[in-house]
Amino acid sequence: MAASASSRSKTQKTAGPAEFNRDQELHAYREMLLIRRFEEKAGQMYGMGLIGGFCHLYIGQEAVVVGMQMAAKEGDQIITGYRDHGHMLVCGMDPKGVMAELTGRRGGLSKGKGGSMHMFSKEKHFYGGHGIVGAQVSLGTGLAFANHYRGNGNVSMVYFGDGAANQGQVYESFNMAELWKLPAVYIIENNRYAMGTAVTRASAQADFSKRGISFNIPGEQVDGMDVRAVKAAGAKALAWCREGKGPYILEMQTYRYRGHSMSDPAKYRSKEEVQKMREEHDPIEQVRARLLREKFATEDELKAIDAKVRAIVAEAAEFATNDPEPDPSELWTDILV
Amino acid sequence: MAVNILMPALSPTMEQGKLAKWIKKVGDKVKSGDVLAEIETDKATMEVEAVDEGVLAAILIPDGTENVAVNTPIAVITAEGESADAVPSAAAKPAAQAAVSEAPTVAQSSDLPAPPVITIAAAPDVPAGTPMVAMTVREALRDAMAEEMRADEDVFIMGEEVAEYQGAYKITQGLLQEFGARRVIDTPITEHGFAGIGVGAAMTGLKPIVEFMTFNFAMQAIDQIINSAAKTLYMSGGQMGCPIVFRGPNGAAARVAAQHSQDFAAWYSQIPGLKVVAPYTAADYKGLMKSAIRDPNPIIFLENEILYGQTFEVPKLDDYTVPIGKARIHRTGKDVTIVSWSIGMTYAIKAAEELAKEGIEAEIIDLRTIRPMDTDTIIASVQKTGRCVTVEEGYPQSGVGAEIAARVMERAFDWLDAPVLRVTGKDVPMPYAANLEKLALPNVGEVIQAAKAVLYR
């Protein structure tokens, strides 16, 4: 037992990513592009004053959630923090409903009462959307607990950032998840900055794949800018959980291009750093280049996908702009069942 | 199609800013993500990125312009090859601005809609001739949980020492033996984590009972209780409920000092989305616990360690429930209303006995539920007696008694013959020394004194 525990506690780098076939490449391209265009539009609408309060954009990190979702199966749950629009879109939640929630309208997925950080869909197995950093880790472990209790074979995919990874309840949850062999994949989206604080300034152990070692939870570092690497690592982690072996940690090494939230001047990093990531590691450009190189698609076909995605986003923005605000009577509804 | 680039708001409060510098020139090709310009606010310098692809056809606001209002067109992007004639004039009111100022609203009236009136069915009368059994509060709680666990596979209990140890206060005695380790779960000493796990499980429709060894330790978990359990239904527009019971002893026990002797009734009673229960008798512990487990909302079930061993008569019925939100008139009287709950009832009852010897008939209301509060029962009693005293072990400031006093003042001012008086725990951390602890808690004498004071006797 001791021997197996020590061998399991080693973390590892994933090997080269498995290749995608044409359908997979096109699927990944379309899904990531939808998130990118949606977020760009959300940023624009925020600038126009249509979206209020906090708005955290996922631009740059698209490969993480798209790759994981490609590895998941129907019934697996998703829970995340406040940078959540991409997670909702990839679950198949209606872009119009997401955008209308951002603008606080009655057709929003939470009737306009939740906002950017608080949307949910039981039907799509999306459990939020949580504004308290790290809270979703215990809640997501609770989803895994429910899967285990019911024996339904589903896995809870618990997303959190490098900042949340330092919260105490994360480790309380790790302990119980491994103790009870709960099916949870902990996906740490390491985008290098917790708001304005670089990982190395906040984390004594900046290799987040090692954060489960003292609980015997295996972990891997994954190139989170390569959707193929994400999917491969996700498939392995999900299989581990489904086999009843307990939780698994995936550190997704990713990058957010935009500020932490809309009002972030991003003076904690250089423009060159951002530009270099965009030019050399952009998750969408990587797929696009492969699609063209492998002759999976022509420029025109990709343009057609782009036009379709833009149309979806434009329709969402249009709906979110013109949909009425909630009826004042909604103030008093949904407080208790 | 030509697209106006508007002066963006970079924060919810920004109304204007300085257009510090254009990075792109007229005629430059731009694609989404390209930095177009830099904008300065009083807080920071920010970059404006392009969202649309095309050619920067015109710059409408030059470098260095101060006080540019949010949503002013600052530049125009046209599709490649499009005529510059397509450039709309800067004076044209941008559609987006119209959208902001004229966001459709439902009611023009600024009147706040009235909150809904919640009606709670009265407790069904126990049928005449129902046999009663003597039972401690401890046994009543255990039986209630066991009955609900037998009836519903989705109900489980988790907490520290609830299983193999049989409960730190023996409330869960025998449950592990009957229901097994899958449904009676010992947790590590990690309140924040297991409260969150319970809430997450409840969001999927399971019905957890989360035991805190005492509610003092629930402060470690209060973020999950309030931010996750209580608010999610509202934030999800009614989609995602949280059927969970948080239970455990609350308030002072005996000689365990400040960190283990706090009453949290007032804290939780402030939170919309929670129901807060604090019973006194074993019958109410049993009936309210069964109702709490069946309730689709998060329930704070405040128990009292000193009451655990006390014996009361409990109706011998197969399925005895008590509705949440209904007070119980423990003793009728015409002279003064005493409102209390949980351990506070012990002071109220003894005081009423003493007062009766002096010809004062006190009416005692056992509130049972703190939220939603059964204000109607209190008001009806005060309208009869004209006087009101509240009794609680919690702190005076913003306490439950303060809330009751406010409600009585709002709804029964004209019936009051004296100010409402509160008997509370003293405004100090609980001391350890036996004599000081006694002084810090309310006592029967203080209740008698308060009742006489509102009667001017």
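Note on naming: letters A, B, ... go to the chains in the order of the sequence lines (proteins, then strands), and numbering restarts at 1 for each one. Note that the structure is predicted; figures quoted are calculated from it, not measured.
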A/D264 versus chain B, heavy atoms under 4.5 Å apart: side chain, backbone, both or neither? backbone
Assess whether atom CD of B/Q16 is packed by more than 12 heavy atoms of other residues, nucleotides or ligands within 6.0 Å. yes
Do you know the tightest heavy-atom contact between B/S228 and A/L139? OG-CD1, 3.6 Å
Under 4.5 Å from any heavy atom of chain B - which part of A/T333: backbone
Nearest-0.5 Å distance, CG of residue A/D334 to CD of residue B/Q239: 9.5 Å
Is any side-chain heavy atom of B/P188 closer than 4.5 Å to one of A/M176? yes
Any heavy-atom pair between the side chains of B/T204 and A/Y127 that's under 4.5 Å? yes
Main-chain N/O of B/M235 paired to A/S110 side chain as donor or acceptor, under 3.5 Å: yes
Looking at A/Q169 and B/G196, would you say the former's side chain and the latter's main chain have a donor-acceptor pair under 3.5 Å? no
Heavy-atom pairs under 4.5 Å with chain B are the metric here; pick the option from A/M119, A/K41, A/R258, A/R37 that has the most. A/R258
For B/E164, does the CD atom sit with more than 12 other heavy atoms under 6.0 Å from it, leaving out its own atoms? no
Which atom pair, heavy atoms only, marks the closest approach of B/H192 to A/S138? O-OG, 4.3 Å
Is any side-chain heavy atom of B/F194 less than 4.5 Å from a side-chain heavy atom of A/F145? no
Chain A heavy atoms under 4.5 Å from B/A114: which part of the residue, side chain, backbone, both or neither? backbone
Which bit of B/E38 comes within less than 4.5 Å of chain A, counting heavy atoms only: side chain, backbone, both or neither? side chain
Check this for me: B/Q270, atom CD, are more than 12 non-hydrogen atoms of other residues, nucleotides or ligands nearer than 6.0 Å? no
Is it the side chain or the backbone of A/L179 that comes within 4.5 Å of chain B heavy atoms, both, or neither? side chain
Is it true that atom NZ of A/K267 has more than 12 heavy atoms of other residues, nucleotides or ligands lying nearer than 6.0 Å? yes
Shortest non-hydrogen contact from B/V70 to A/G47? CG1-O, 3.9 Å
Exercise: identify the closest heavy-atom pair between A/A135 and B/D223: CB-OD2, 4.1 Å
Contacts of type ring pair (Phe, Tyr, Trp, His ring centres under 6.0 Å), residue A/Y58, not counting sequence neighbours: A/H87
Could you walk me through whether A/H130 and B/N227 pass the side chain to side chain contact (heavy atoms under 4.5 Å, CB included) test, one step at a time? CA-CA 9 Å; A/H130 294 273; B/N227 270 319; over 6 Å; no
With side chains defined as the heavy atoms from C-beta onward, is the minimum distance between A/Y46 and B/P8 less than 4.5 Å? no
Residue of the set A/K111, A/K113, A/H118 for which side chain to side chain contact (heavy atoms under 4.5 Å, CB included) holds with B/Y234: A/K113
Part of B/D186 within contact of chain A (heavy atom distance under 4.5 Å): backbone
Can you tell if the side chain of A/F120 reaches within under 4.5 Å of the side chain of B/L233, non-hydrogen atoms only? no
Can you find a heavy atom in the side chain of A/M48 that is under 4.5 Å from one in the side chain of B/M7? no
Only pairs of heavy atoms separated by less than 4.5 Å count here; which of A/L182, A/T103, A/I132 has the most with chain B? A/I132
Can you tell me which portion of A/E330 sits under 4.5 Å from chain B's heavy atoms? Options are side chain, backbone, both or neither. backbone
CD1 (B/I189) with more than 12 external heavy atoms under 6.0 Å: no
Nearest heavy-atom approach of A/A146 to B/A201 is CB-CA, 4.3 Å
Tell me, do A/L336 and B/D295 make a side-chain contact under 4.5 Å, heavy atoms counted? no
With sequence neighbours left out, which residue pairs that include part of residues 116-143 of chain A fulfil the salt bridge (Lys or Arg N to Asp or Glu O under 4.0 Å) condition? none
Between atom CZ of A/F126 and atom CE of B/M240, what is the distance when rounded to the nearest 0.5 Å? 9.0 Å
Okay, B/E49 and chain A: the region with an atom under 4.5 Å from a heavy atom over there is side chain
Heavy atoms only, distances under 4.5 angstrom: which of A/Q77, A/M117, A/Q275, A/K271 has the most pairs with chain B? Name it, please. A/K271
Mind checking whether B/R183 and A/Y149 have side chains closer than 4.5 Å, heavy atoms only? yes
